[in-house]
Amino acid sequence: MVVVISWNVNGFRSVLKKGFLEWVKSFQPDILCLQETKLKPQDIKEEGIQLPEGYLHYWAFAKKPGYSGTAFFSKKEPKAIIPVNDPVFADEGRVQIADFDKFILVNSYWPNSQDERARLPYKLEFIDKLLEVLNKFVKNEKRNVLVCGDFNIAHTEIDLARPKENENHAGFYIEEREALTKFFNAGYVDTFRLFCKEGGHYTWWSYRTKARERNIGWRIDYHVVNKAFVKNVKRSWILSDVY
DNA sequence: TCGCCAACACT
DNA sequence: CTGCGTGCGC
DNA sequence: AGTGTTGCCCAGCGCACGCAG
């Protein structure tokens, strides 16, 4: 059994101050995928950043300092790290791909569409290209894939507490929701929904008005596998006591 | 983003 | 070197 | 009169950077 965790940390330095290492030590995931690390390459090199014991670590950085970025920690060494060169993925350190033999891991931080749909075209291009990459693995090479991360999209009305009020807000624009539908229809399965059909389960809450306490949130983080791999998924859940 | 409110449409 | 104000992104 | 929709506006955090001391 392999436990894969996905976590948008909103600043790796920040979570280090909030007990991140202690949490990893007690929870012991096999693979831990992070998004929004907000680190620069020299932060790692210069040994100023503490890392969890017993894990190998892999990083992707945005060109812009203090912005975006992904990382994953793994107890076992992947068979290969697959290079991610397309600027759509690489310029902002949004995608990492690793071959774990039993499956291909894709750690991803999908773009925010922003107000007025400013980055929606970029996001739609990102999704299209990600789908191409996945199809290459799944259809051409007959591999299994696990795509996890912060998709910055609530898919349907039950995936956020205030669907009507947010129809014209980033994360719930109809275009991005439809893009995610297309993604799922292409043969990729939202594993959380295999186990839970009810609304009210969220992965992100606004800082405003103590939204988390009242569970006024959005489900924008996902673990997705190709259809053939579904039979290997034992569980998919949200760690609602992690902050 | 959320919550509140004002303006408005519909019945 | 440290702390603070400002700006940006979410 | 009651219901629902739309528009408006609003918090707080993390990090970079420039500057003061």
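On a predicted model such as this, the values are computed, not experimentally measured, just so you know. Proteins get letters first, then strands, A, B, ... in listed order; numbering begins at 1 in each.
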### Query
Can you tell me how far C1' in D/dA11 sits from the matching atom in B/dA6, rounded to whole Å?
23 Å
### Task
Could you measure between the two C1' atoms, the one in D/dC15 and the one in B/dC2, and give it in whole Å?
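Pairwise C1' distance, D/dC15 against B/dC2, rounds to 25 Å.
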Rounded interatomic separation in angstrom, taking [atom1] from [X] and [atom2] from [N]:
X: A/K164; N: D/dT3; atom1: NZ; atom2: C1'; result: 14 Å
X: A/N215; N: B/dG3; atom1: CG; atom2: C1'; result: 17 Å
X: A/N10; N: D/dC15; atom1: CG; atom2: P; result: 7 Å
X: A/N8; N: D/dC15; atom1: CG; atom2: P; result: 12 Å
X: A/W205; N: D/dC13; atom1: CH2; atom2: P; result: 17 Å
X: A/R212; N: D/dA11; atom1: CZ; atom2: C1'; result: 17 Å
X: A/L34; N: D/dG14; atom1: CG; atom2: P; result: 16 Å
X: A/Q35; N: D/dG14; atom1: CD; atom2: C1'; result: 16 Å

Less than 4.0 angstrom between a side-chain N/O of [X] and OP1 or OP2 of [N], yes or no?
X: A/R214; N: B/dG3; value: yes
X: A/K18; N: D/dC13; value: no
X: A/N168; N: D/dT6; value: no
X: A/W204; N: D/dC13; value: no
X: A/R13; N: D/dA16; value: yes
X: A/R162; N: B/dG3; value: yes
X: A/T209; N: B/dC2; value: no

What nucleotide, of [options], holds the atom closest to the side chain of [X]?
X: A/K17; options: D/dC15, D/dA16, D/dA11; answer: D/dC15
X: A/Y207; options: D/dC15, D/dA11, B/dC2; answer: D/dA11
X: A/R208; options: D/dG14, B/dG3, D/dA11; answer: D/dA11

### Query
Do we see a donor-acceptor contact under 3.5 Å between the side chains of A/Q35 and A/D150?
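There is no such pair between these side chains.
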### Task
Check the side chains of A/T209 and A/R214 for a donor-acceptor pair under 3.5 angstrom, ignoring hydrogens and angles.
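A pair is found: one side chain offers a donor N or O, the other an acceptor, under 3.5 Å apart.
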Under 4.0 angstrom, heavy atoms only, what part of the nucleic acid is [X] near: base, sugar-phosphate, or nothing?
X: A/K210; result: nothing
X: A/E165; result: nothing
X: A/W218; result: sugar-phosphate

### Summary
In short, A/I31 meets A/V2 closest at the heavy-atom pair CD1-CG1, 4.3 Å
### Query
What closest approach, in Å, do A/F126 and A/Y109 show between heavy atoms, and which atom pair accounts for it?
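Smallest interatomic distance, heavy atoms only, reads CZ-O, 4.0 Å.
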#### Entry: Quiz item: cation-pi between A/K64 and A/Y67, 6.0 Å / 45°
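Yes, a cation-pi geometry.
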Students often mix this up, so state it plainly: with edges at 30° and 60°, are the rings of [X] and [Y] parallel, tilted or perpendicular?
X: A/Y58; Y: A/F72; result: parallel
X: A/F27; Y: A/W23; result: parallel
X: A/W110; Y: A/F183; result: perpendicular
X: A/W204; Y: A/W218; result: perpendicular

### Query
Mind checking what makes salt bridge (Lys or Arg N to Asp or Glu O under 4.0 Å) contact with A/E175, not counting sequence neighbours?
A/R117
#### Entry: With A/E178 via salt bridge (Lys or Arg N to Asp or Glu O under 4.0 Å) - residues at least two apart
none
### Electrostatic pair A/K182:A/D128 at N-O distance under 4.0 angstrom
yes
### Contact interval (first through last nucleotide) of DNA chain C with protein chain A, 4.0 Å heavy-atom
C/dG9 to C/dC10
### Task
Return the set of residues passing ring-ring contact (aromatic ring centres under 6.0 Å, His included) with A/H223 (not counting sequence neighbours), or none when no residue passes.
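Partners of A/H223 under the ring-ring contact (aromatic ring centres under 6.0 Å, His included) test: none.
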Polar atoms only, N or O, under 3.5 Å: list the protein pairs with nucleotides 5-7 of chain B and their distances.
none

### Message
With the threshold set at under 4.0 Å for non-hydrogen atoms, list the residues of residues 62-70 of chain A touching DNA chain C in residue-number order.
### Response
A/K64, A/Y67
